[in-house]
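Quick notes on the structure that follows.
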Protein chains: 2
Amino acid sequence: MGTTNQLNQYWTDIYFHLHYPHKEKISHQVVRILQLVDKIDGVGVNDIASHIQVSQNTASEHVKRIIEKKLLTKERDSLDERKVVLRLTDLGRDVLHRNTSLDEEKLQHVIDGLEDSEKELVEKAFQLLSERAKSCSLS
Amino acid sequence: MGTTNQLNQYWTDIYFHLHYPHKEKISHQVVRILQLVDKIDGVGVNDIASHIQVSQNTASEHVKRIIEKKLLTKERDSLDERKVVLRLTDLGRDVLHRNTSLDEEKLQHVIDGLEDSEKELVEKAFQLLSERAKSCSLS
DNA sequence: GCGATTATATCGTAAAGTAAGATATAAATA
DNA sequence: TATTTATATCTTACTTTACGATATAATCGC
């Protein structure tokens with residue numbers, strides 16, 4: 001087994017054991033859209049459409065429904081009134097968190113069981129990987 | 001910001017930048033079921049129902065549809081013929097991989113940019129966290 | 001200013017997905 | 001053999017997802 005394969009084994013095991021219990025009925029597409037709004041600055045409806053590979057009108061309908069569910073807010077860009085500026089609501093941030101992050105309670109429990117040096121190891125590794133991942137996807 | 005909060009920031013950034021592009025239209029429930037089959041040995045239909053919080057008949061229909069899509073196979077337990085034994089097909093494993101793992105190409109690219117000591121750091125950290133996560137959810 | 005372009009929205013429609021209640025079956029258990 | 005356990009099926013209802021066609025309103029090029 002290669003290094004990346006092994007790392008993915010670890011990765012999926014960590015998520016499987018530490019994720020939040022699934023409460024809300026939420027679709028993959030909705031989670032993806034919330035992620036895009038969270039991670040990319042100033043995404044509009046068209047950006048979403050191309051990222052999740054659907055037509056512009058479908059993306060627009062998605063956004064409409066997500067706003068109805070109070071997970072996003074919509075304003076118009078003051079510099080270009082054609083453009084929409086989407087933002088996560090507190091609820092949206094919460095839903096996104098529960099569907100993509102590790103359960104803070106479980107994670108805290110695991111962290112508490114680590115020695116100080118191990119804690120540092122984990123933090124450094126995650127920081128390193130997230131930094132390199134960011135710069136990688138830019139290039 | 002607390003340690004777990006910071007770690008989750010790293011975690012979601014890593015996934016956002018390194019995940020596979022979304023090809024197939026697949027629902028959350030299907031991914032969850034594939035995960036259960038992958039990570040838990042000998043899950044039956046009832047186990048799935050309680051894990052994803054739906055009724056037994058709904059779980060059974062889910063399984064039926066997933067089998068129709070050739071993502072799972074079904075046999076009967078030879079020791080207890082009432083029980084179903086589910087297994088991932090190669091396609092199922094592939095779909096699960098593309099929807100929960102990090103893109104091996106992107107990950108490899110990031111890993112290649114690391115020093116040997118950094119590689120070791122990342123591997124150790126992930127191994128450590130996955131081990132502790134497993135034993136944590138048992139207790 | 002005016003036509004073209006860009007960004008988004010809406011309507012109609014169709015297909016697929018999700019879920020549960022009621023009921024059935026077949027194997028194992030007491 | 002009656003009961004329990006594990007799963008399956010049928011019906012029904014609602015939601016979600018997606019797209020083509022069309023519309024609107026702001027901005028851009030000239």
Side-chain angles (χ1 to χ4, degrees), chain A residues 21-37 40-87 92 95-96 99, chain B residues 21-37 40-87 91-92 95-96 98-99:
Chain A
H22 303 301
K23 284 184 191 172
E24 50 263 309
K25 306 206 187 308
I26 191 168
S27 75
H28 248 176
Q29 297 294 54
V30 171
V31 174
R32 286 170 191 162
I33 290 171
L34 296 181
Q35 275 179 318
L36 290 170
V37 174
I40 303 178
D41 229 42
V43 271
V45 174
N46 270 321
D47 304 315
I48 288 174
S50 65
H51 268 96
I52 68 171
Q53 305 254 59
V54 295
S55 64
Q56 166 273 317
N57 44 9
T58 300
S60 176
E61 308 254 23
H62 270 301
V63 167
K64 190 169 68 174
R65 275 193 308 273
I66 297 174
I67 289 169
E68 277 165 13
K69 287 181 194 156
K70 315 273 189 191
L71 304 180
L72 288 180
T73 60
K74 179 170 71 174
E75 296 167 52
R76 292 283 169 166
D77 189 328
S78 55
L79 296 175
D80 182 347
E81 290 276 341
R82 290 172 308 180
K83 281 210 74 176
V84 150
V85 178
L86 297 169
R87 271 187 247 287
V95 168
L96 178 60
N99 282 280
Chain B
H22 303 301
K23 285 185 191 170
E24 51 264 309
K25 306 202 187 310
I26 190 167
S27 74
H28 248 177
Q29 297 294 53
V30 171
V31 174
R32 286 171 192 162
I33 290 171
L34 296 181
Q35 274 179 318
L36 290 170
V37 174
I40 303 178
D41 229 44
V43 271
V45 174
N46 270 322
D47 304 315
I48 288 175
S50 65
H51 269 95
I52 69 172
Q53 305 254 55
V54 294
S55 64
Q56 165 274 317
N57 44 9
T58 300
S60 176
E61 309 256 22
H62 270 302
V63 167
K64 190 168 68 173
R65 276 194 307 274
I66 297 175
I67 289 169
E68 278 165 13
K69 287 182 194 155
K70 314 272 189 195
L71 304 180
L72 288 180
T73 60
K74 180 171 70 176
E75 296 168 52
R76 292 283 168 166
D77 189 329
S78 55
L79 295 176
D80 182 346
E81 291 274 344
R82 289 172 307 179
K83 282 211 72 176
V84 149
V85 179
L86 298 169
R87 270 187 247 285
L91 179 59
V95 168
L96 177 60
R98 282 203 308 280
N99 282 279

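Numbered from 1 within each chain, the chains take letters A, B, ... in sequence-line order. Values reported hereafter were calculated over all heavy atoms of this structure, with side chains retained and with hydrogens, waters and symmetry mates removed.
Between the P atom of D/dT16 and the CZ atom of A/R32 lies a distance of 16 Å, rounded to the nearest Å. Across the protein-nucleic acid pair, A/I26 atom CD1 and C/dG17 atom P stand 19 Å apart, rounded to whole Å. When the P atom of D/dA13 is taken as reference, atom CG of B/N57 falls 16 Å away, rounded to whole Å. The separation between B/I48 atom CD1 and C/dT18 atom C1' is 15 Å, rounded to whole Å. To the nearest angstrom, C1' of D/dT16 lies 14 Å from NE2 of B/H28. Between the CZ atom of B/R65 and the P atom of C/dA16 there is a distance of 12 Å, rounded to whole Å. C/dA19 atom C1' lies 17 Å from atom CD of A/E24, rounded to whole Å. Taking atom CD1 on B/I33 and atom P on C/dG17, their separation rounds to 13 Å, with Å as the unit.
Look at B/K64 and you won't find any side-chain N or O under 4.0 angstrom from OP1 or OP2 of D/dA8. One finds no side-chain N or O of A/K25 lying less than 4.0 angstrom from the OP1 or OP2 phosphate oxygen of C/dT18. Under 4.0 angstrom from either OP1 or OP2 of C/dA9 there lies at least one side-chain N or O belonging to A/S60. Here B/H62 reaches the OP1 or OP2 of C/dA19: one of its side-chain N or O atoms lies under 4.0 Å away.
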B/R87 and B/E75: CA distance, side-chain angles, deciding distance, side-chain contact (heavy atoms from CB on, under 4.5 Å) verdict: CA-CA 8 Å; B/R87 270 187 247 285; B/E75 296 168 52; 3.2 Å; yes
side-chain contact (heavy atoms from CB on, under 4.5 Å) assessment of A/V30 paired with A/N99: CA-CA 10 Å; A/V30 171; A/N99 282 280; over 6 Å; no
CA sep, side-chain torsions, deciding dist, call: A/I33, A/I66, side-chain contact (heavy atoms from CB on, under 4.5 Å): CA-CA 9 Å; A/I33 290 171; A/I66 297 174; 3.9 Å; yes
Test log, rule side-chain contact (heavy atoms from CB on, under 4.5 Å), inputs B/H22 and A/H28: CA-CA 10 Å; B/H22 303 301; A/H28 248 176; over 6 Å; no
Salt bridge (Lys or Arg N to Asp or Glu O under 4.0 Å) between A/R65 and A/E68, worked out: CA-CA 5 Å; A/R65 275 193 308 273; A/E68 277 165 13; over 6 Å; no
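Axis angle between the ends of the helix from C/dG1-D/dC30 to C/dA30-D/dT1, five pairs each and rounded to 10 degrees, works out to 30°.
Closest contact between the side chain of A/R82 and the listed nucleotides C/dA19, C/dA28, D/dA26 involves D/dA26. Comparing C/dA7, D/dC19, D/dT9 against the side chain of A/N46 picks out C/dA7 as the nearest. When distances run from any side-chain atom of B/V45 to the nucleotides D/dT7, D/dC19, C/dA7, the shortest one goes to D/dT7. Nearest to the side-chain atoms of B/K83 among the listed nucleotides D/dA6, C/dA7, C/dT18 stands D/dA6.
For the 3.5 Å distance criterion, the side chains of B/Q29 and B/R32 qualify, holding a donor opposite an acceptor.
The base of C/dA9 has none of its N or O atoms less than 3.5 Å from a complementary donor or acceptor on the side chain of A/E61. At a cut-off of 3.5 angstrom, counting only N and O atoms as typed in the model, there is no donor on one side facing an acceptor on the other between the side-chain of B/Q56 and the base of D/dA6. Between the side chain of B/S55 and the base of C/dA19, no donor-acceptor pair under 3.5 Å is found.
Between B/D80 and the options B/K83, B/R76, B/R82, a side chain to side chain donor-acceptor pair (under 3.5 Å) holds for only B/R82.
As judged by a 4.0 angstrom heavy-atom cut-off over every strand, B/S27 is placed among residues touching the sugar-phosphate backbone only.
By the 4.5 Å heavy-atom criterion applied to side chains, A/L36 and A/L86 are not counted as neighbours. Counting heavy atoms from C-beta on, the side chains of B/E24 and B/V95 come closer than 4.5 Å.
Interface residues of residues 67-81 of chain A facing DNA chain C, ordered by number: A/K74, A/R76; criterion, heavy-atom separation under 4.0 Å.
Taking every heavy atom of both residues into account, A/V45 and A/Q56 meet most closely at CG1-O, 4.0 Å.
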